[in-house]
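Worksheet: one structure, shown below.
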Amino acid sequence: MLKRLMPVAAALLLSTAAYAQKPGGRANVVIQPEPPGLMVGIIQNGPTQMVAGNIYEGLLRYDPQLKPLPQLAKSWTISDDGLTYTFKLQSGVKWHDGKPFSSADVVFSANVFLRETHARLRASLAYVDTITAPDAETVVFKLKQPFGPFIGIFEVGTMPMVPKHIYEGTDFKANPANNTPIGTGPFKFKEWVKGSHILLVKNTDYYEPGKPLLDEIYWHVIPDAAARSVAYETGKVDILPGGSIENFDVGRVSKLKNTCSTDKGWEFFGPHSWLWLNNRQGPTADKRFRQAVMHAMDRKFALDALWNGFGKVAGSPVSSSTKFFTDKVKAYDYDPAKAKALLKEMGYKGETVRLLPLPYGETWQRWAEAVKQNLIDVGIKVEMVSTDVAGWNQKVADWDYDMAFTYLYQYGDPALGVSRNYVSSNIAKGSPWNNVEGYSNPAVDDLFAKGAATAKADERQDAYTKVQQILTEDVPVAWLLELGFPTIHRCSIKNLVTTGIGVNDGFKDAWIEN
Amino acid sequence: MIGFILARLGKSAAILVAIVALNFLLIHAAPGDPAAVMAGEAGASDEKFLAQLRTQFGLDKSLPEQMALYMKGVLTLDLGYSYRQQMPVADLIFSRLPATLLLTFSAFAISLVLGTLAGVLASARVGSWADTLISTAALIFYATPLFWVALMAVILFSVTLDWLPGFGYETVGAGYTGLRRVLDIAEHLILPALTLGLFFMAVYMRMTRASMLEVRGLDFVKTARAKGLAPRTILWRHVFRNAMLPIVTLAGLQAGQLVGGAVLTETVFAWPGIGRLMFEALAQRDYNLLLGIFFISAAMVLLFNLITDVAYRVVDPRIRAS
């Protein structure tokens with residue numbers, strides 16, 4: 001009897017939940033800067049992902065603990081040897097133009113389209129031997145060798161599904177369809193008035209019953225940070241995604257009436273900031289100097305004063321929200337005396353080091369000034385070099401710096417977002433995101449390779465614990481903070497951030513209470 | 001007159017070509033390129049990715065080759081393609097031009113009319129409280145940074161008083177049409193147009209006042225007064241007409257900035273115009289787009305210089321004679 005009642009009770013619970021969630025309404029969101037395009041298979045910058053996460057979908061999404069959740073794949077199995085990944089797709093999925101979505105689209109997206117256009121995914125796909133579609137609702141990825149983070153590469157920004165019937169046989173980047181993106185997601189592209197706004201409307205044919213709840217999303221392009229705060233205050237926009245306004249405004253704006261803020265929804269990205277230290281030349285080539293820099297910086301001050309306490313002091317090259325993080329590593333407290341002692345020991349003679357701030361707005365400028373002051377306090381001579389984004393890119397990519405601010409995403413797994421900055425095979429001029437510091441250590445190379453080449457969690461943890469211990473001893477770069485980007489929104493907007501990918505995962509669960 | 005205009009047009013075309021060439025070289029001298037910027041924004045890149053982008057943007061060719069291609073395009077009035085925005089440059093510019101022209105012409109009209117009137121008024125009553133008030137206001141407007149005025153205006157009129165919208169070109173998503181839409185845009189226009197106009201208003205005022213005072217002391221004004229003409233007639237027909245020349249010069253200068261002179265205002269007020277497009281293109285090293293905007297701006301400056309010179313001849317018969 002009890003058994004028979006259970007489904008009824010469950011159905012009741014579900015229906016009350018569904019009743020409480022009211023469909024309809026419009027979300028007004030800030031988008032900054034204006035994305036260059038919305039075809040997320042071709043353009044992977046932040047604003048593009050944020051808007052396109054509503055239009056396109058991946059096979060999976062990830063919860064805040066980075067456990068996979070179904071999306072276009074309703075279920076999946078991994079073979080015991082870690083070589084075969086089989087995905088069962090949702091039934092009845094349609095592209096926004098009405099054509100059916102099938103396994104052929106998945107094979108095309110992963111094997112043809114994204115291999116051509118997506119630099120970050122291409123690196124992971126190097127482990128893949130074949131991608132096949134035994135039937136219309138099944139896709140099988142066969143790997144050449146086990147690849148630990150493989151189950152973590154199926155979210156929309158990493159492996160978005162693109163329509164085969166539109167792109168097959170065309171020049172992907174020049175296809176006019178890029179201006180009217182077609183995906184399977186909960187919202188459809190409607191209109192883009194450049195310099196003003198992007199309008200997405202509800203996909204009424206969406207395959208998940210009752211979703212999405214919102215009728216439309218307006219993304220407002222507002223180029224000035226102060227004007228973005230004003231836009232929220234005057235009620236023109238209701239959602240400020242992380243990083244939309246300057247940090248010194250965050251405290252004030254989040255105290256406004258009917259305003260909620262959350263720093264959740266970044267677990268998958270794990271934005272990690274550090275100073276590149278040029279390991280090739282000058283005082284930064286000496287390990288003791290680099291350790292001195294770690295002790296010289298008052299990172300807690302930066303966290304509290306510049307970042308409103310959102311985020312954490314970074315203890316390791318791996319973010320604490322990324323898998324296989326460990327805190328059993330050498331810790332660097334704020335200790336100017338120790339820094340001075342290390343500098344004395346190495347025989348630092350007051351050579352000037354050039355410090356390159358990140359040209360991403362006021363907060364970063366102030367942070368650079370704070371760090372400069374910290375370094376001066378322990379006797380390091382610092383010269384600040386100012387430049388714009390393009391100039392910063394070039395200087396870092398050409399190794400023309402001594403110390404340079406940066407922050408990078410970790411994508412949930414050390415093999416995806418950490419190893420790239422420390423392994424010696426990734427030393428190459430021309431990119432600001434690889435092993436720019438020029439650190440080279442065969443033991444570290446081996447451990448990162450070992451960690452990636454197995455699907456067994458304990459073996460991976462073992463390798464990554466060791467590698468974090470070596471790196472915190474060697475300090476190839478000076479880690480700063482695990483950044484926290486609070487999303488600020490009206491409290492009446494519910495379920496805005498539900499996964500570890502946050503607002504970049506689309507607004508299909510969001511609804512407005514009134 | 002026709003001959004004069006034709007000769008000037010010919011010279012202008014030559015100058016324009018030189019400007020385009022110079023711009024091209026200057027832009028390419030800046031560090032970084034559009035491919036690196038796009039790769040940078042993606043947060044991940046490899047050599048293949050960069051090479052693909054550079055080939056797509058035509059950056060794999062040598063600089064003289066790129067320049068020859070670009071110059072050839074400009075001479076056939078083809079401004080090229082913005083790979084970043086995935087649209088032809090001409091389309092991008094012309095889609096943004098109306099918003100900018102609406103803003104800059106409004107600011108132009110406001111500053112010219114109000115500035116000149118205030119200047120005449122101040123000069124007519126030199127030393128009075130009205131003169132002091134106008135001159136002080138002009139000094140303040142002249143000396144205050146534009147973006148600060150803009151931000152303060154937003155905070156006062158939009159956040160605190162809630163009288164006027166603080167940003168944007170119109171109410172997005174309201175679906176207004178016809179007269180309602182015109183009023184909506186006008187409402188959005190007030191703050192940015194006033195902000196942009198204030199500086200030039202102050203300049204016109206000071207210029208007019210000084211010029212009027214100078215002319216007023218000349219002999220022919222004394223003659224007019226001795227003839228027994230009404231003070232009002234002397235002020236407008238004799239003094240003002242002769243004091244106009246510097247105002248025309250200044251108006252010509254300001255008109256030259258109609259396309260590219262509103263970068264700050266457009267940014268603070270999120271006005272979807274050319275100025276912002278230019279600023280973003282610069283940050284992103286979107287070479288073709290930036291060059292296209294420079295081209296249009298330079299053409300506007302040359303055009304308004306010509307118009308100014310023609311206006312001199314209309315206003316002042318002495319120039320016509322020489």
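Note that these values count all heavy atoms, side chains included, but never hydrogens, waters or copies made by symmetry. Below, read A as the first sequence line, B as the second, and so on, with proteins coming before strands; counting in each chain starts at 1.
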Given a strict heavy-atom distance threshold of 4.5 Å, which part of [X] is in contact with chain B: side chain, backbone, both, or neither?
X       : answer
V193(A) : neither
Y409(A) : neither
T48(A)  : neither
H220(A) : side chain
A397(A) : neither

How long is the straight-line distance from [atom2] of [Y] back to [atom1] of [X], given to the nearest 0.5 Å?
X       : Y       : atom1 : atom2 : answer
K173(A) : Q52(B)  : NZ    : CD    : 4.0 Å
L164(B) : T234(A) : CG    : OG1   : 12.0 Å
Q284(B) : E34(A)  : CD    : CD    : 9.0 Å

Residue pair [X] / [Y]: nearest heavy atoms and the distance that separates them:
X       : Y       : value
R84(B)  : N45(A)  : NH2-ND2, 4.2 Å
A390(A) : P31(B)  : CB-O, 3.9 Å
N179(A) : Q86(B)  : ND2-O, 3.8 Å
P272(B) : K194(A) : CB-O, 4.1 Å
A270(B) : V221(A) : CB-O, 4.0 Å

- Name the option with the most non-hydrogen atom pairs under 4.5 Å to chain B; the candidates are V230(A), T117(A), L199(A), D171(A). V230(A)
- For each of R228(A), E116(A), K429(A), tally heavy-atom pairs with chain B at distances under 4.5 Å, and name the one with the top tally. E116(A)
- Any donor-acceptor pair under 3.5 Å linking the side chain of K395(A) with the backbone of G32(B)? no
Examine whether an atom of [X] lies under 4.5 Å from a heavy atom of chain A, and if so say whether it belongs to the side chain, the backbone or both; otherwise answer neither.
X       : value
V37(B)  : both
E280(B) : side chain
Q85(B)  : both
F167(B) : side chain
T267(B) : both
R276(B) : side chain

- Item | Pair D388(A)-R285(B), salt bridge (Lys or Arg N to Asp or Glu O under 4.0 Å): steps then yes or no | CA-CA 11 Å; D388(A) 68 349; R285(B) 302 289 190 271; 2.9 Å; yes
